[in-house]
Amino acid sequence: MSATASAPAARGPLLEAKDVVVEYGTRRKPDRVLHEVSLEIAPGECLGLVGESGSGKSTLGKAILGLVPVAGGSITFDGRDITHATGRDRRSLAADIQVVFQDPYGSLDPLMTVGDILAEPLATAGASRAEAKAVVGEMLDRVRLPKQVLDRYPSEFSGGQRQRIAIARALVRRPKLIICDEPVSALDLTTQATILDLFIELQRDTGVSYLFVSHDLGVVRRVCHRVAVMYRGRIVETGDGEHVTGDPQDAYSRRLLMASPVADPALQVERRAAWLALRSEHAA
Amino acid sequence: MLTFTLKRLVSGVILLVVVATATFFLAHAAIPDPTLGLLGSAATPEAQQALAAKIGTDRPVIVQFGDWIAGLFRGDLGDSWKNFQPVGAQIALKLPVTLSVVTAAVLLSAVLGGLLGVLAGLRPGTWIDKLVKAGAVVLFALPGFWVALLLVMTFAVQLKWFPAVGYVQPQESVGGWLQSITLPAISLALGAVVMIAEQLRNAIIRADGLDYMRTLRSRGLPQWRIVVHLLRNSAPPSLTILALMFVGLLSGAIIVEQIFALPGIGPLTQASSQNGDIPMLLGITVVTVVFVVIINFLLDILLGWINPKARVK
Amino acid sequence: MTSPLTENIDTRASRRGSTFVRLLKRPAGAVSFGILVLIVLVAVFAPLLAPYDPNFVDLSITRAPPSPEHLLGGDTTGRDVLSRLIWGTQITLWGALVAIVTSLVIGVPSGLAAGYFGGATDRIGTWISDAVQSVPGMIILLIVGANTGNDFNLLMVTVGVFMAPGYFRLTRATVLAVRNEAYVDAAKVSGLSHARIMGRHVIRPVVAPIVIQSALTAGMAMGMQAGLQFLGIGGGTTPGWGAAMNEGFRVMRTDPLLLLWPSLALGISIAALAVLGSTLADVVSVTAPLPSRKARRARRAAERAAAALGEPAVVTASTGAVAHAAVDSAVQIENLRVRYETADGEVEVVHGITLDVAPGEVLGIVGESGSGKSQTVFSVLDLLPKTGSYTADAIWIGGEDVTSLGRRDRARLLGREIGYVPQEPMTNLDPSFTIGHQLTEPLRAVHGLSGAEAKARALAMLERVGIADPPRVMRAYPHELSGGMAQRVLIAGAIAAKPSVLVADEPTTALDVTVQAEVLELLRELQQEYRMALVIVTHNFGVVADICDRVVVMRHGSIVEIGEVSQLFSNPEDDYTRELIAASLDGAESRAELDRAFVAAHAAASPGAVDGAGLAPDPDASTEADRKEVRA
């Protein structure tokens with residue numbers, strides 16, 4: 001078991017997206033939201049995908065999950081081409097690729113108990129009740145929720161707790177990759193910090209890979225080994241997490257960094273000055 | 001705007017043709033041998049054959065359909081099988097009566113329903129709000145003819161405020177005309193009034209809780225201007241319902257006219273159905289659907305004006 | 001996020017099993033349900049209950065008044081009225097049942113398919129539904145009823161067809177709302193097939209609205225049926241209520257009772273169904289009660305009276321402090337409390353806070369959701385939602401205590417003394433009016449400018465807030481703007497009258513980081529240019545560091561700390577403040593640093609192989625706090 005803490009060794013990528021194109025709108029008037037995007041995720045790695053709204057970062061996650069059709073390029077998972085997997089093929093991927101969405105209110109069916117929500121993926125996979133119960137119990141432990149939550153409804157929990165439930169649901173099939181689509185951006189700051197710690201801990205314990213989509217440089221710096229910056233449907237920079245979030249090379253990445261205010265009045269004065277300089281440079 | 005009008009025109013024609021076709025075959029299936037109903041007890045096989053030849057029902061149904069639909073496109077609804085007069089002219093004679101009642105009911109629903117809805121929506125929890133809510137629950141479900149019977153019993157028979165029956169042409173006396181359509185219009189409109197009122201009330205309360213209403217208030221706008229913003233944003237569902245109700249009111253008018261002995265489309269429809277006068281029934285259907293298409297067209301234009309997002313580019 | 005308490009409280013989930021019990025607990029629900037049970041029983045046991053054969057003619061009781069043998073008398077042809085009413089119940093219910101089942105069978109599956117699959121399925125389904133709705137059903141019913149031997153069941157099936165669009169629209173709308181929920185996507189990712197997703201996630205939310213709709217539809221089907229019988233269609237020899245009403249109508253001048261009985265039966269049945277449906281709807285979606293303004297005024301008066309007698313209404317200490325004299329401050333709040341009416345009674349969300357801001361000063365109010373920071377500024381604006389209300393010892397605006405002002409005078413301050421910039425730009429512009437209208441309307445209505453002056457001022461303001469093409473934006477509708485542009489427009493509107501205080505509620509939270517920087521820069525420039533006091537509500541300490549002079553930190557409706565920005569960041573006094581600043585992640589360890597520390601710690605603890613399996617999760621303090629939250 002390779003639950004090592006350092007960035008994972010090169011063993012060939014778990015997921016490889018090559019020149020992925022996604023278009024919305026009609027066939028006659030396509031609106032291209034992803035322009036030949038390529039990235040790789042290694043086993044046990046967390047790859048951050050940062051960008052602003054409309055940059056296409058969530059769309060890439062949805063394309064990997066098969067929730068939006070891919071118009072060009074290819075997506076390979078574990079050596080298997082899943083670009084256009086549908087029906088049975090797509091459903092069989094449920095064992096390996098899972099998701100945690102942004103909205104902790106919308107991502108849990110309000111009419112189902114937490115127990116039913118967590119057992120559903122297992123029941124779909126044909127697990128017996130006893131098996132399902134054991135796995136659900138284990139995953140609740142992992143996300144630090146007591147057993148009593150099982151017969152309660154999502155509306156009875158806070159945002160952070162719901163996100164823990166959503167994470168537990170993603171974990172029950174023991175996937176190799178979890179797409180995390182802005183999983184902490186709807187949470188309060190202090191809750192956000194604890195959920196990020198939980199993501200790190202789970203990765204160390206289970207060796208799962210993350211594609212971690214976020215608009216927040218601070219968040220991806222905290223959880224991601226590597227970071228890719230997206231801008232208007234293209235990846236403009238990819239690299240080591242510390243570097244991309246601390247000293248980016250691309251002009252847009254720099255503007256993005258300097259625009260994020262830092263929680264320190266003295267440092268923020270400098271950063272604002274740097275941002276103003278970049279802004280006038282960009283305008284010129 | 002021109003393409004929008006054209007599009008609506010085409011879709012209206014398609015709707016008309018589909019409904020006309022469906023009704024045609026439905027009527028012929030429901031009335032396999034119309035001569036029986038037309039001749040009544042006097043029907044001898046010879047008379048039946050003669051009549052069938054005269055009205056053309058001795059031909060295959062599909063041929064009859066071709067003739068009829070071709071006529072429809074020329075604006076010719078054919079002749080009645082009962083009195084052999086043109087269907088169009090006879091409907092045109094009865095239509096003003098029904099339209100007066102239905103239009104009066106629509107106006108009443110819009111004005112009274114709108115007023116009650118605004119008052120209740122601006123002051124939720126007050127007596128007027130409770131009245132609207134209670135009224136909407138019970139009155140909406142009660143059929144118009146039931147209300148009509150109640151009104152006739154109370155105001156015409158007991159209190160004798162209104163004529164119980166009959167229709168006065170507006171050319172004869174405007175006052176008499178108004179009197180003769182008041183009770184029928186009220187009995188038709190009562191359900192619609194409370195429905196519109198409740199719908200508008202809910203929409204206003206919903207709109208009042210929206211972010212931009214708070215921002216508008218923060219600009220210091222006087223209350224009546226706030227109400228204008230509220231109204232414009234909460235009117236669409238009520239207008240849609242009003243348009244839908246038009247069809248329901250036409251249906252209801254058929255029975256209500258019976259109760260008030262109004263010589264409108266209602267008695268004509270009923271008589272034609274008893275006689276098996278298919279061209280007349282089809283003509284009535286076509287005319288009403290044309291009105292529905294026009295109403296929906298007006299509704300779309302109105303909604304587009306109110307809500308720029310729904311506007312057709 | 002700003003006011004979770006004002007949202008409808010969905011108790012469906014937690015108390016779902018007891019919906020029926022809660023229905024019966026309401027008088028309207030119990031009575032209407034009782035009546036319906038009675039009607040059903042009468043219908044089922046009609047053969048046992050009816051004293052006579054409904055079609056037996058006894059000429060001696062023709063138009064007879066009620067008597068011990070014939071409780072409701074005889075009808076025009078000498079039949080027992082009561083027996084005919086009882087048998088009529090059976091027919092009426094059966095007819096309604098046939099119509100509803102037909103409606104359900106057609107409307108619900110097609111609505112499900114249209115809503116779930118969308119595209120062509122949806123377009124075709126909606127077109128057919130619209131087409132059916134544009135045909136007057138009564139005419140078709142008359143055609144169907146004409147020569148088909150008045151087949152009653154066929155007629156009721158036709159009634160059902162005409163009611164199907166109601167179910168179709170309802171189902172489709174509900175499914176559309178559910179289909180885009182993230183949990184349906186999550187189910188797809190979990191490997192559920194379409195059929196399973198429909199069965200498990202999509203149908204369930206449709207059930208309650210359909211049950212409610214069915215109560216209404218049943219009533220309308222009864223009405224339609226009686227109407228048909230009234231016209232002499234679909235009755236035959238069966239003793240329907242509608243037929244009896246027609247008979248009574250013909251003799252209403254001489255024997256009004258003959259009209260009364262069947263009308264009463266029909267009216268009561270329909271009303272009971274309608275009341276049941278509406279009560280059920282109420283029970284399923286409990287909304288916070290709206291207190292009437294009178295009740296609120298009465299309560300405030302009572303509290304003032306209690307305070308005058310020296311008895312404070314609620315005994316808790318006020319938190320926070322002032323830094324300036326009331327008359328010198330731009331805004332000063334003393335002991336502000338905010339309450340909300342909820343389904344579970346009144347809840348206080350701000351527990352007596354005191355703070356102030358000087359002219360030309362930038363004050364930040366920071367806190368997490370539920371801290372009461374937004375409620376505080378809405379109280380200053382007097383723009384709390386209808387379910388909310390506040391009390392305060394004093395609220396000074398521009399050197400004047402405004403708590404004693406009437407509603408109208410208070411509203412007069414808005415737009416003149418105080419400007420407001422909201423959180424979410426896209427939902428804070430009226431979608432039905434152009435930007436130009438929304439900017440010029442207050443200038444004309446409140447500040448008395450002429451149309452041309454107002455337009456010139458609005459254009460100048462748009463120019464000032466950095467809008468590239470002001471004339472074009474003036475003509476645009478809100479949905480044609482980007483979030484950043486919309487927020488600039490809102491700022492332009494807030495400062496158009498040059499207020500002395502600008503209140504901004506999370507003005508950059510909904511914006512992208514690069515746009516946030518622009519908007520903050522703009523607010524800073526405008527604040528200095530007009531020397532306004534700026535109150536900025538935020539959860540982001542970066543924003544505080546960027547723009548604020550002083551900060552108020554709030555938690556659970558109280559102030560935990562007030563201080564100068566430089567002092568608060570370098571030396572926070574309260575633990576919670578420290579925790580919040582730490583959670584900002586600025587300067588926190590990166591993943592690489594965390595991993596290095598982890599390996600080092602592990603190597604020290606167990607020399608040898610680093611094995612994840614041997615690691616016991618070590619919950620940190622804040623995680624422990626989150627667990628307590630579950631138990632609470």
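Computed from a prediction, not measured in an experiment: that's the story for all the values here. Chain naming here is simple, since letters A, B, ... match the order of the sequence lines and numbering starts at 1 in each.
Put simply, the side chain of C/L522 does not reach to within 4.5 Å of the side chain of C/Q487, judged on heavy atoms. Using a 4.5 Å heavy-atom threshold, the side chains of C/D574 and C/R555 count as separate. For the pair A/V184 and A/Q163, the minimum side-chain heavy-atom distance is 4.5 Å or more. Taking 4.5 Å as the limit, some side-chain heavy atom of A/L202 sits within range of a side-chain heavy atom of A/R142. Residues A/Q161 and A/E156 are not in side-chain contact: their nearest non-hydrogen atoms beyond the backbone lie 4.5 Å or more apart. Side-chain contact between A/R279 and A/M258 is absent, with no heavy-atom pair separated by less than 4.5 Å. C/S190 has its side chain out of reach of A/T124: every pair of non-hydrogen atoms, C-beta onward, lies at least 4.5 Å apart. A 4.5 Å side-chain heavy-atom check between C/L568 and C/V553 finds at least one atom pair inside the cut-off.
Under 4.0 Å is where a charged nitrogen must lie from a carboxylate oxygen, and between C/R524 and C/D546 at least one such pair does. The pair A/R204-A/E201 does not meet the salt-bridge criterion, since no charged nitrogen lies less than 4.0 angstrom from a carboxylate oxygen.
The backbone N or O of A/V229 sits nowhere less than 3.5 Å from a side-chain atom of A/Y252 that would complete a donor-acceptor pair. A donor-acceptor contact shorter than 3.5 Å links the side chain of C/E593 to the backbone of C/S590.
Among the candidates A/D116, A/I200, A/I97, A/L198, the residue making the largest number of heavy-atom pairs closer than 4.5 Å to chain C is A/I200. Heavy-atom pairs under 4.5 Å with chain C were tallied for A/L267, A/L189, A/T245, A/L93; the largest tally goes to A/L189. Heavy-atom pairs under 4.5 Å with chain C were tallied for A/V223, A/L65, A/V99; the largest tally goes to A/V223. For the set A/G87, A/P121, A/A193, the entry with the most heavy-atom pairs within less than 4.5 Å of chain C is A/P121. Contacts with chain A were tallied for C/G542, C/A187, C/G483, C/A186; C/G542 has the most, counting heavy-atom pairs under 4.5 Å. Heavy-atom pairs under 4.5 Å with chain C peak, among A/A125, A/S53, A/S260, at A/S53. For the options C/L580, C/L594, C/V178, heavy-atom pairs under 4.5 Å to chain A are most numerous at C/L594.
Only the side chain of C/E521 comes within contact range of chain A, with at least one heavy atom under 4.5 Å from a heavy atom of that chain. A/V219 touches chain C through backbone and side chain together, each having a heavy atom under 4.5 Å away. Interface remark: A/R88 contributes no atoms to any contact with chain C (heavy atom separation under 4.5 Å). For a residue to count as touching a neighbouring chain, one of its non-hydrogen atoms must lie under 4.5 Å from one of that chain's; by this rule A/R173 touches chain C with the side chain only. For chain C, the nearby parts of A/L256 are the backbone and the side chain; heavy atoms of each come within less than 4.5 Å. Residue C/S570 does not touch chain A at all, counting heavy-atom pairs closer than 4.5 Å. The part of A/L276 that comes within reach of chain C is its side chain, from C-beta onward, which places non-hydrogen atoms under 4.5 angstrom from that chain. Looking at A/Q98, both its backbone and its side chain come within 4.5 Å of chain C, counting heavy atoms on both sides. The contact between A/R221 and chain C is made by backbone and side chain atoms together, counting heavy-atom distances below 4.5 Å. For A/D264, the part lying near chain C is the backbone, with the side chain staying farther off; criterion is any non-hydrogen pair under 4.5 Å. Proximity to chain C (any heavy atom under 4.5 Å) is restricted, for A/L196, to the side chain, taken from C-beta onward. When heavy atoms are compared at a cutoff of 4.5 Å, C/V544 does not approach chain A at all. Contact annotation for A/R90: neither backbone nor side-chain heavy atoms come within less than 4.5 Å of a heavy atom of chain C. Using a 4.5 Å cut-off between heavy atoms, C/E181 touches chain A through backbone and side chain atoms alike. At a 4.5 Å heavy-atom cutoff, the contact between C/R196 and chain A is made by side-chain atoms alone. Interface residue A/Q192: only side-chain heavy atoms are found under 4.5 Å from chain C.
Ring geometry for A/Y210 against A/F212 counts as perpendicular: the plane angle is over 60°, on a 0 to 90° scale with 30° as the lower cut.
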**Request:** Could you check A/E120 against A/R169 for salt bridge (charged side-chain N to carboxylate O under 4.0 Å, His left out), going step by step and ending with a plain yes or no?
**Result:** CA-CA 9 Å; A/E120 183 174 58; A/R169 173 179 54 192; 5.8 Å; no
